[in-house]
Amino acid sequence: MPDETLRWLAERLGPDEPEAAPVPLVVRPGRAPLAGLAEGQLHLEDGTVIDVGAGAAEVPLGYHEHVDREGVRCALIVAPPACHLPEERSWGWAVQLYAARSEASWGIGDLGDLARLARWSARSGAGFLLANPLGANAPSGPQQPSPYFPGTRRFRSPLYLDVGAVPQRGTAADLVDQVGAVGRALSGRRTIDRDEVWALKRRALEAIWASEDPDARFERWLAVQGPSLHRFAAWCAVADRHGPDWRRWSDDASRQVDQAGPPERTVSDAQRFHAWLQWLLEGQLAEAGRHLTLVQDLPIGVDPGGFDAWEWQDLLALDVSVGAPPDELNRAGQDWGLPPFLPGRLREAGYQPFAESIRSAMLPGGGLRIDHVMGLFRLWWIPPGRGPEAGAYVHYPFDDLLAVVALESHRAGAVVVGEDLGTVEEEVRRALIDQAVLSYRLLWFEDDEPERWPVRSMAAVTTHDLPTVAGLWSGSDLAEQRALGLHPNEESTSAMRADLADAGDLTAGSSTVEAVRAAHGLLARAPSLLVAATLDDALAVAERPNVPGADGDRPNWSLALPAML
């Protein structure tokens with residue numbers, strides 16, 4: 001690590017954390033018994049108050065607070081020993097939802113398409129769908145194409161609404177029909193234009209909102225929502241007037257969000273509209289999840305100009321970006337442009353921002369894939385104005401963060417997968433196994449034969465950032481990287497192709513379809529609890545969804561599948 005980076009980190013992180021709190025912040029029954037609590041009271045999350053004398057105490061799982069005799073408060077999280085595990089082995093599709101369009105789509109795959117895919121997959125014997133992150137960005141300004149650069153990990157993008165499924169009447173229904181015809185025509189293009197799609201969907205949704213009487217179900221839902229939803233709806237309304245990046249707002253604009261009341265009491269119709277969109281999204285996502293397990297991807301961070309960064313600006317290092325150091329596959333390293341949490345500040349906040357993010361992405365009865373699960377252990381911090389090569393690792397309290405994941409998994413009955421690719425220390429592997437977080441095993445990366453992969457894993461051929469089978473086998477993926485000037489690791493790519501040929505009994509004259517079948521024949525031998533195939537490979541698509549480092553030179557995250565659902 002360069003001395004300059006070390007000095008910068010010391011200044012940015014500040015002094016060492018203060019002495020430990022008088023009680024453990026995070027505990028596990030049976031592993032770290034609740035013994036030795038100072039005398040005082042326990043305020044349980046359900047409102048119950050328990051008097052505590054010196055000694056052990058029986059405390060339910062959950063997020064609580066301990067208050068000692070001196071009035072010192074300390075967050076207390078009681079978590080289960082491990083995450084929820086599925087009872088049976090199953091297979092499923094990994095799908096980039098925006099790319100999976102049907103004849104009913106308005107230029108982009110939506111939650112109606114997800115339900116359609118879920119029904120068909122369930123009839124075909126699948127047990128789950130793994131979908132890209134669905135996080136929202138600001139409703140104004142250009143729509144961010146990357147699902148891994150969301151404005152929030154807690155609320156979903158209205159771009160994914162199936163507008164035709166929203167109840168409508170009168171002139172609104174006529175308008176939806178007209179706008180829908182234009183939207184469906186967009187699906188004739190292979191490249192997705194999110195700005196054009198959102199302009200059409202927003203026009204139709206605003207017409208429906210203006211023409212409908214208040215829905216009693218929406219009002220009941222709104223009344224029980226927490227302050228985060230209220231602030232998000234207000235933030236969207238302010239972003240519509242002042243722009244998508246809060247860092248460019250005036251102090252007065254930020255105060256408008258701070259001072260906004262709950263949507264059921266506010267005079268702002270705009271705030272209620274944005275809350276209504278989230279209600280629609282929740283309902284449509286629940287409908288898709290009725291048919292089989294939905295596993296959603298969790299991005300490693302959020303847009304520094306988005307809602308989560310606005311609400312948690314005091315907890316984030318907003319001048320820092322996280323990424324990856326140079327490695328064999330990307331010799332320049334990676335800068336993801338996402339600000340990290342300050343470890344000490346996150347702990348002081350009782351890990352609630354992290355818990356909210358996990359809870360929102362972890363659908364009840366579904367699952368969660370944590371992108372770059374190493375981020376729970378350490379993150380590669382890149383100093384302002386410097387490249388990835390000048391960065392350094394900053395460590396996080398992974399035991400505590402994994403406990404929060406286990407608690408949310410237990411409550412939702414949701415399986416958890418950790419994307420543990422690349423250089424992963426043995427300590428990390430042991431911790432994930434101990435917490436029942438499934439490992440993520442890829443045919444492209446593993447030296448062992450699939451038969452030897454662990455049972456507690458999700459098996460797949462590739463990811464959104466790696467070549468499809470067709471792209472690897474045909475050589476087109478390597479050719480595209482060369483054309484983009486990305487200096488790919490040709491030796492490593494050639495080795496991946498040779499390994500597939502050897503293990504799959506392929507010859508130089510084997511077709512792309514034969515290569516796809518061979519790869520998945522190998523994958524099917526894995527004993528993994530979850531086995532995933534991509535729709536891209538099912539259609540022998542040569543282009544991968546994303547080529548890291550090619551932003552602006554290629555339509556990353558914007559290529560639809562070449563066939564309708």
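Side-chain contact annotation: S457 with S528, donor-acceptor N/O pair under 3.5 Å present. Inspection of the Y148 and N132 side chains reveals no N or O donor paired with an N or O acceptor under 3.5 Å. Between the side chains of D113 and S102, at least one donor N or O lies within less than 3.5 Å of an accepting N or O.
Using modelled atom types, no side-chain atom of H464 and backbone atom of P545 make a donor-acceptor pair closer than 3.5 Å. Counting only distance, with no hydrogens or angles, the side chain of Q144 and the backbone of S146 share a donor-acceptor pair below 3.5 Å. Between the side chain of K201 and the backbone N or O of P158 there is no donor-acceptor pair closer than 3.5 Å. No donor-acceptor pair closer than 3.5 Å links the side chain of T512 to the backbone N or O of A470. Not a single donor-acceptor pair under 3.5 Å links the side chain of S228 to the backbone N or O of G226. Judged by distance alone, the side chain of E419 and the main-chain N or O of D371 form no donor-acceptor pair under 3.5 Å. A donor-acceptor pair under 3.5 Å links the side-chain atoms of R28 to the main chain of P80, judged by distance alone. With hydrogens and angles ignored, the 3.5 Å screen pairs a side-chain donor or acceptor of T468 with a backbone N or O of V541. Counting only distance, with no hydrogens or angles, the side chain of Q296 and the backbone of L134 share a donor-acceptor pair below 3.5 Å.
At a threshold of 4.5 Å between non-hydrogen side-chain atoms, the residues L298 and R369 do not count as touching. By the 4.5 Å heavy-atom criterion applied to side chains, S157 and W198 are not counted as neighbours. With a 4.5 Å cut-off on side-chain heavy atoms, H230 and Q225 count as touching. L44 places none of its side-chain heavy atoms less than 4.5 Å from the side chain of Y63. Contact of the L432 side chain with the F377 side chain is registered, since non-hydrogen atoms from C-beta on lie closer than 4.5 Å. Using a 4.5 Å heavy-atom cutoff, the side chains of L421 and W444 are not in contact.
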Passes side-chain contact (heavy atoms from CB on, under 4.5 Å), F218 versus L280? Steps please. CA-CA 9 Å; F218 168 58; L280 294 176; over 6 Å; no
Test D308 against F232 for side-chain contact (heavy atoms from CB on, under 4.5 Å), laying out the working first. CA-CA 9 Å; D308 282 1; F232 175 68; over 6 Å; no
When you look at T48 and D46, which way does the side chain to side chain donor-acceptor pair (under 3.5 Å) test go after all the steps? CA-CA 6 Å; T48 303; D46 66 1; 2.9 Å; yes
Please test V257 against W310 for side-chain contact (heavy atoms from CB on, under 4.5 Å), starting from the C-alpha separation and ending with a verdict. CA-CA 10 Å; V257 183; W310 174 85; 3.3 Å; yes
Under the side-chain contact (heavy atoms from CB on, under 4.5 Å) rule, what do V95 and L117 come out as? Steps first, then yes or no, please. CA-CA 10 Å; V95 54; L117 179 62; 4.0 Å; yes
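Ring centroids of W249 and W235 are separated by less than 6.0 Å, placing the two rings close together.
Residue P304 comes nearest to F149 through the heavy atom pair CD-CZ, 3.9 Å, listed as atom of the first residue, atom of the second, then distance. Minimum interatomic distance between L529 and P86 (heavy atoms only, all atoms of both residues): CD1-CG, 4.2 Å. The minimum heavy-atom distance linking R156 with S360 is given by the pair NH2-O, 2.6 Å. Smallest separation of non-hydrogen atoms from P339 and V302: CD-O, 3.0 Å. Heavy atoms only, all atoms of each residue included: P147 and P299 are closest at O-CG, 3.8 Å. Nearest heavy-atom pair, A122 versus L292, reported as atom, atom and distance to 0.1 Å: N-CD1, 4.3 Å.
Residues R272 and D269 are not paired through a salt bridge, judged by the lack of any N-O separation under 4.0 Å between the basic side chain and the carboxylate. Using a 4.0 Å cut-off between charged nitrogen and carboxylate oxygen, R154 and E311 count as a salt-bridge pair. The pair R202-D240 meets the salt-bridge criterion, with a side-chain N (NZ, NE, NH1 or NH2) lying under 4.0 Å from an Asp/Glu carboxylate O. Taking a cutoff of 4.0 Å between a charged side-chain nitrogen and a carboxylate oxygen, E356 and R359 do not qualify as a salt bridge.
Each salt bridge (Lys or Arg N to Asp or Glu O under 4.0 Å) pair with one or both residues in residues 80-102, not counting sequence neighbours, would appear here, but there are none. Residues in residues 181-198 take part in these salt bridge (Lys or Arg N to Asp or Glu O under 4.0 Å) pairs, two or more places apart or across chains: R189-E196, R190-E543.
Between the CG atom of L159 and the CH2 atom of W106 there is a distance of 12.0 Å, given to the nearest 0.5 Å. If you take CZ on R456 and CD on Q435, they are separated by 10.5 Å, rounding to the nearest 0.5 Å. Considering SG of C83 and NE2 of H410, their distance stands at 11.0 Å, rounded to 0.5 Å. Atom CG of D420 and atom CZ of F445 lie 11.5 Å apart (nearest 0.5 Å).
Ring planes of W93 and W91: perpendicular class, angle over 60° (limits at 30 and 60°). Between W209 and W276, the ring planes lie tilted relative to each other; the angle falls in the 30° to 60° range.
R231 CZ: more than 12 foreign heavy atoms inside a 6.0 Å radius.
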